[in-house]
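In the text below, chain A, chain B and the rest are named by the order of the sequence lines, each starting its count at 1. Because only heavy atoms are used, hydrogens play no part in the values below, and waters and symmetry mates are left out as well, while side chains stay in.
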2 protein chains.
Amino acid sequence: MSFDQRLSLLLVEDDPALGPLTAELLSDDFRVELATDGQTGLRRALSATWDVLVVDRGLPLRDGASLVAALRAKGVATPVLMLTALGTTEDKIFGLDAGANDYLTKPFDAGELVARLRALTRTYRAASMVLPLGEWELDAATRLVTSPYGDRIPLTETESAMLRTLATEPQRVFTRAELLQALFHAEDTPGVIDTYVHYLRNKISKTAVRTVHGVGYQLGEP
Amino acid sequence: MSFDQRLSLLLVEDDPALGPLTAELLSDDFRVELATDGQTGLRRALSATWDVLVVDRGLPLRDGASLVAALRAKGVATPVLMLTALGTTEDKIFGLDAGANDYLTKPFDAGELVARLRALTRTYRAASMVLPLGEWELDAATRLVTSPYGDRIPLTETESAMLRTLATEPQRVFTRAELLQALFHAEDTPGVIDTYVHYLRNKISKTAVRTVHGVGYQLGEP
DNA sequence: GTGGTTTCTCAGAACTCTCTAAGAACTCAT
DNA sequence: ATGAGTTCTTAGAGAGTTCTGAGAAACCAC
């Protein structure tokens, strides 16, 4: 169980030639999973947390635009690049308005696809990457948590990653399975999560992470 | 005096014909300001907070890509759509890697431009199930009741479920049998309901649940 | 290699939640 | 005012969940 720096990408493409080819093409920069129909694609999109989705417009069982619309209706904000053979402006507008963030028509240039995906997944932070945690803050680069009084607490990489994950959506309650997926890309041994929550509470404060009994964990107030 | 709902957009475009035309085109959906060279564009981009920028690639005084790179270097994360006459894939990749979020080549379709800008500025609100309870509210996911003063009271799953059930029809009086059915799919031991009503009143307030003698319970005023 | 750190597993302890049960307090029609 | 019915309150046992610490394994820098 170890870190994979690549971002996770769900590719939904039914073409038996283009699908694996595109997956291969993207595998340098992304951890790619391939789904070959809209139904499966939607299920996989919902069953894990992805950094970005690439969705073909014309898909069996469920249309790409409908897939994206369904995701958006559920409040999933993951960036989506829609891929399609249909090239008219109306198609593009329809796809974008369904909830896609970008739209690329086939045949596309491999370099452009990767560049657009980079643009979609890129996040900007002033100077060093510092996330506010209520009164506290976490510098992701140095992995130092700073208290309002100026105390600085060093975190390990996993501890920092967990705190960052929780901080991405402070309101949300993350299940053990979700955290396990986000931190380790694993599905078994959810007990690790408890242990790291324990570490964080020891290092920062008892209330840094809130337990929602029977559900999971949520960012608390340090 | 009324609030201008439109999003703010800074258009940086030097073409004396295309600039005002595009500004006009976008003015239905955006509050547009036009800058006609890269230097001025960068200054205006930094001197205010914009919802989105549209930047031409070829600009006098400072190139569009350099403008965006400068913004990004300062940690400005505003979405940028780059507009250009140069259409090669290398140009697109260069523009995107400079920090643009989207790239459109001239001549572009007005509808597509607007659709892409909508996609860039769109934000998804996670469908957080928050029910209003008079002055108070209950977040179903975190099971936290928030008072008008900001106090947050954690509920257990059953307490939260009961409050949610009562809140579905605030006017209605629920019999014990109905609540029992809704919460436990049970028919016996209606005494549990009383107990949980008691818990809710303890945690929130005496008046959170109203008793209708001989009938059942109703949502009260916390 | 060696020593130090970090990561992961595990199992018992501690805790929370749920639901029952039973007496006390209340309500209301007579 | 009385009593039958209804509601409130409290305590506690059982099931399940979470916490915690200790040790083994992996990793890393020297």
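- Using a 4.0 Å heavy-atom criterion, one finds that B/Tyr196 contacts the bases of the nucleic acid, with or without backbone contacts as well.
- Rounding to whole angstrom units, CZ of residue A/Arg210 and C1' of C/dT16 are separated by 14 Å.
- Looking at heavy-atom distances under 4.0 Å, A/Thr195 makes contact with a base.
- The phosphate of C/dT18 has OP1 or OP2 within less than 4.0 Å of a side-chain N or O from B/Thr158.
- With hydrogens and angles ignored, the 3.5 Å screen pairs no side-chain donor or acceptor of B/Arg116 with any backbone N or O of A/Leu96.
- Rounded to an integer number of Å, the gap from A/His198 NE2 to C/dT6 C1' is 15 Å.
- Phosphate proximity of C/dT20 to B/Thr189: present, with a side-chain N or O under 4.0 Å from OP1 or OP2.
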All N/O donor-acceptor pairs, side-chain side in residues 181-191 of chain B, below 3.5 Å, sequence neighbours left out:
| unit_1 | atom_1 | unit_2 | atom_2 | d |
| --- | --- | --- | --- | --- |
| B/His185 | ND1 | B/Gln181 | O | 3.3 |

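- Listed by chain and residue number, B/Lys203 satisfy the salt bridge (charged side-chain N to carboxylate O under 4.0 Å, His left out) test with B/Glu159 (two or more places apart in sequence, or in another chain).
- Over its length, the helix from C/dG1-D/dC30 to C/dT30-D/dA1 turns its helix axis by 40°, as judged from the five terminal pairs at each end, rounded to 10°.
- Counting any heavy atom pair closer than 4.0 Å across all strands shown, A/Gly191 reaches no nucleic acid atom.
- Mapping B/Glu157 and A/Arg143 onto DNA chain C by nearest heavy atom places A/Arg143 at the nucleotide closer to the 5' end.
- Close to D/dC8, at under 4.0 Å from its OP1 or OP2, lies a side-chain N or O of B/Tyr217.
- Residue-level contact check: A/Arg176 touches the backbone only, with heavy atoms under 4.0 Å from sugar-phosphate atoms and none from bases.
- Side-chain nitrogen and oxygen atoms of A/Lys203 include none within less than 4.0 Å of the OP1 or OP2 phosphate oxygen of C/dT6.
- Atom NZ of A/Lys206 is separated from atom C1' of D/dT20 by 9 Å (rounded to the nearest Å).
- Within the model, atoms CZ of B/Arg164 and CG of B/Leu133 stand 11.5 Å from one another, a figure rounded to the nearest 0.5 Å.
- The interatomic distance linking B/Asn202 (CG) with D/dT10 (P) rounds to 7 Å, in whole Å.
- For a distance-only test at 3.5 Å, the side chain of A/Tyr199 qualifies as a donor-acceptor partner of the base of C/dC8.
- Within the nucleic acid shown, B/Val212 comes within 4.0 Å of sugar-phosphate atoms alone, with no base atom in reach, counting heavy atoms only.
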